[in-house]
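Just below is one structure, and these are the notes that go with it.
Please read these numbers as outputs of a predicted model, since none were measured by experiment. Note that these values count all heavy atoms, side chains included, but never hydrogens, waters or copies made by symmetry. A, B, ... follow the sequence lines: proteins, then strands. Residue 1 opens every chain.
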Number of protein chains: 2
Amino acid sequence: MARNIHRSPVMADVARLAGVSHQTVSRVLNDHPNVRPETRDRVIAAIEGLGYRRNSTARALVTKQTNTLGVVAFDTTLYGPASTLYGIERAARDAGYFVSIVSLRELTRDDLAEALDHLGRQQVDGLVVIAPQSAVAVALSQMPQPVPVVTVEGDADVGLPVVNVDQRRGGVLVTEHLLRLGHRTVWHVSGPQDWLEAEGRIEGWRETLLAAGAPVPEVLTGDWSPRSGYRCGQRLAGMADLTAVFVANDQMALGVLRALDEARVRVPDDVSVVGFDDIPESEFFAPPLTTVSQDFSEVGRKAIELLLDALAEEHEPARPPGEPPGGPAEDTPPPPHVVVQPHLVVRRSSGPPRAA
Amino acid sequence: MARNIHRSPVMADVARLAGVSHQTVSRVLNDHPNVRPETRDRVIAAIEGLGYRRNSTARALVTKQTNTLGVVAFDTTLYGPASTLYGIERAARDAGYFVSIVSLRELTRDDLAEALDHLGRQQVDGLVVIAPQSAVAVALSQMPQPVPVVTVEGDADVGLPVVNVDQRRGGVLVTEHLLRLGHRTVWHVSGPQDWLEAEGRIEGWRETLLAAGAPVPEVLTGDWSPRSGYRCGQRLAGMADLTAVFVANDQMALGVLRALDEARVRVPDDVSVVGFDDIPESEFFAPPLTTVSQDFSEVGRKAIELLLDALAEEHEPARPPGEPPGGPAEDTPPPPHVVVQPHLVVRRSSGPPRAA
DNA sequence: AAAGCTGATGTGAACGCTAACAATTAACGC
DNA sequence: GCGTTAATTGTTAGCGTTCACATCAGCTTT
């Protein structure tokens, strides 16, 4: 009686069919040299005949590599994180890795610790953490890291490899654009101040104003949501000398546009509005939004690139021979920091001030 | 010399420290009964003392369960899929599962096959496939399924468990809303016709019009993007008798609003516009958009619920005793089909027609 | 022609865990 | 008091790979 009819084939089955040992099958599978072509063909035929697929669990047990990368993300319903995640997933899969994801409910130390614990249980080979708050990056750096970690939009000063978009530069681009159009100064609706992205955009904006000798207005702070933008917009609508606003993301910019519209302030005739992110919708706002475009997929790709580098380094330590391990403190190179440049997309929401 | 200083502890280490056998450690870890409380405490102390963590790979090898669920998604940069994914991830993690994700580049049979192959290699215990096109659902149903599968937004007639939002009902809600406001008929900008969601919304819309004896205008077809909505909006702006439009998603609705605005058609005074999805932005469109809200997280949760049920069933087949396995064709229950109800969110983009 | 090498293959152990069974002890009933 | 049973623990054997090493032919080398 063939009672094993439903058991999926293992290496030994393939070996038997091909008339070789299981080890030879393993050699074929792992592209070892020193297998006679004829034997190789026979093994491959047996593999295909049986529909054999290597058991990755058993393999992981002995190689101690799961071929899985963990990704810790936050609020993946937003366009930016979602795009970054997509870029990461794609690059990782192209490199032959599985991607295990954990979305943080909240950007807290506990949630982060839980996420790392979860992925740790799964024995991921490496980790990408989207850490947009300085506190998160710091917390991360203080946790034990049994595997290589790359952060995205994280804090470069925290001692971990980082990939991020040059937020400061984005702020500069926007502010210069508006000043060049003839505006005396530019107001700013920022994201939450503990977010690194918000901070960078503020910096770029402030520096540019200062460099131009323009007055630096008080910063209005939102929380990235359209609603918070709307509230800030209502406050802005009451300002007499307002001619230009830089809003830290497109969603809030939408809220600002709405508030200005309700207050009968015309954009761009009365006030210029510039956003940040270039979400697919922003081209169709009323009016189409001038904004800053970030290549999120590129960020994801770079993050995986860095992680794979770290993984490779882990396996060939490349320690200079004769150097006793753990000996004199070699000057280890600083962790890599990849910066992706954003660019300005000019649309109709920005123009010269009315009474120039 | 302690040469193993960096080797992470295994069960045997814990056993040695606690003065028991490794099997007893295993029993403690798996909450087996019949372990003396005192022994249990000693083991737990040893585990904590050593910082021991069970090796999930070794465990998976023997239990043949990876505790990982695979998710196949498409275009996760969109709000809907991203939210669904989030719901899935959250529910799966709460249930103690890891989540491995694959985003399809394209909605093709080949891409799907590759994704399933990828996840198959990883030996996932179960699969959630977001299959918004009928063709995808069909292709999926024809592929070998070594593990339980649940589809989301898939085709209920294809023989696989499904969780979806009642799109038809959504179309009905919108159309009834507009007719009740006094519109003679309602135009429709649909999604791509091979998408099940697009189809369901069209159906609900058409049925409602027919039931009310209202004329059924030609359907304009978009591709979910704001740009396609804009193009359709331009065409609509030229229609003389237009008073109401149902747009199949909020992004396209934004495009329609933009086109109407450019054509000096006022919303809702001249034309009412209703969307679908209730993305966070839609409340701040000009004007705020009446739309249909779908509980994507609920969809994700339900999908995992179904999958876990299937997984549990797999292990306790619950076959009536005396019934020979593979014997007479028992009338297997139809695959479960969970439907989540959407609801209408009325905002300012819809109102009574001008010349009522 | 003996020794040495190289290429091709096989054998046994190990990875760290759980399942099945065996063994030991304590408790119980008549 | 002794078999019977239940509770607790240990022993052994895998799970399906890869790694380290052994083997064995067929060549070269001197």
Side-chain angles (χ1 to χ4, degrees), chain A residues 3-4 6-44 46-47 50-68 98 120-123 125 146 315, chain B residues 3-4 6-44 46-47 50-68 120-123 125 146 315-316:
Chain A
R3 68 188 187 291
N4 288 335
H6 285 307
R7 207 204 61 206
S8 56
V10 299
M11 230 174 224
D13 299 323
V14 175
R16 203 172 310 120
L17 181 58
V20 297
S21 75
H22 63 124
Q23 176 60 358
T24 297
V25 178
S26 173
R27 287 198 182 95
V28 171
L29 249 28
N30 295 323
D31 280 327
H32 274 233
N34 303 351
V35 176
R36 204 147 40 105
E38 184 193 307
T39 311
R40 179 183 304 273
D41 292 346
R42 229 169 49 239
V43 169
I44 289 175
I47 288 174
L50 256 44
Y52 167 78
R53 302 182 62 186
R54 170 161 62 187
N55 181 320
S56 64
T57 306
R59 179 163 215 256
L61 179 58
V62 48
T63 61
K64 299 191 180 318
Q65 301 237 84
T66 54
N67 258 285
T68 302
F98 303 113
R121 281 182 207 292
Q122 203 182 7
Q123 341 242 101
D125 292 343
H315 289 121
Chain B
R3 69 189 184 292
N4 290 334
H6 285 307
R7 207 204 59 203
S8 57
V10 300
M11 227 174 227
D13 299 324
V14 176
R16 202 173 310 121
L17 182 58
V20 296
S21 76
H22 62 125
Q23 176 61 354
T24 299
V25 178
S26 173
R27 288 197 182 95
V28 170
L29 248 28
N30 294 323
D31 280 327
H32 274 232
N34 304 349
V35 175
R36 202 144 44 102
E38 183 193 310
T39 311
R40 180 183 303 274
D41 292 346
R42 231 172 44 241
V43 170
I44 289 174
I47 287 174
L50 255 43
Y52 168 77
R53 301 183 62 186
R54 169 161 62 185
N55 181 322
S56 63
T57 305
R59 178 163 215 258
L61 179 58
V62 48
T63 61
K64 299 187 179 318
Q65 302 235 83
T66 53
N67 258 283
T68 302
R121 281 182 208 292
Q122 203 182 6
Q123 342 243 100
D125 292 342
H315 289 120
E316 27 129 323

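- Following rounding to the nearest Å, B:Leu29 (CG) and C:dG16 (C1') show an atom-to-atom distance of 12 Å.
- Going from atom CZ of A:Arg16 over to atom P of C:dG10 covers 14 Å, rounded to whole Å.
- Legend: residues meeting side-chain hydrogen bond (donor to acceptor under 3.5 Å, both in side chains) with A:Ser26, ordered by chain and number and at least two apart, are A:Asn30.
- When side chains are defined from C-beta on, A:Arg54 does not count as touching A:Val25, because their heavy atoms never get closer than 4.5 Å.
- For the segment residues 32-43 of chain A, the set of residues with a heavy atom within less than 4.0 Å of an atom of DNA chain D is empty.
- Take A:Asp41 and apply the side-chain hydrogen bond (donor to acceptor under 3.5 Å, both in side chains) test, not counting sequence neighbours, and it matches no residue.
- For the pair A:Thr68 and B:Gln122, the minimum side-chain heavy-atom distance is below 4.5 Å.
- Separation of atoms CD (B:Gln123) and CG (B:Asn67) is listed at 13.0 Å; rounding is to 0.5 Å.
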Which pairs of donor and acceptor atoms, one on a side chain in residues 9-21 of chain B, lie under 3.5 Å apart (sequence neighbours left out)?
residue : atom : partner : partner atom : Å
B:Asp13 : OD1  : B:Arg7  : NH2          : 3.2
B:Asp13 : OD1  : B:Arg16 : NH1          : 3.4
B:Asp13 : OD2  : B:Arg7  : NH2          : 2.5
B:Asp13 : OD2  : B:Val10 : N            : 2.8
B:Ser21 : OG   : B:Gln23 : N            : 3.4
B:Ser21 : OG   : B:Thr24 : N            : 3.4

N/O-N/O pairs, protein side and nucleotides 11-16 of chain D side, under 3.5 Å:
residue : atom : partner : partner atom : Å
D:dC15  : O3'  : B:Lys64 : NZ           : 3.2
D:dG16  : OP1  : B:Lys64 : NZ           : 3.3

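- Taking 4.5 Å as the limit, every side-chain heavy atom of A:Thr57 sits out of range of all side-chain heavy atoms of A:Leu61.
- Among residues two or more places apart in sequence or in another chain, the side-chain hydrogen bond (donor to acceptor under 3.5 Å, both in side chains) test is passed with B:Arg53 by A:Asp117.
- Not one side-chain nitrogen or oxygen of A:Ser26 sits closer than 4.0 Å to the OP1 or OP2 atom of D:dT17.
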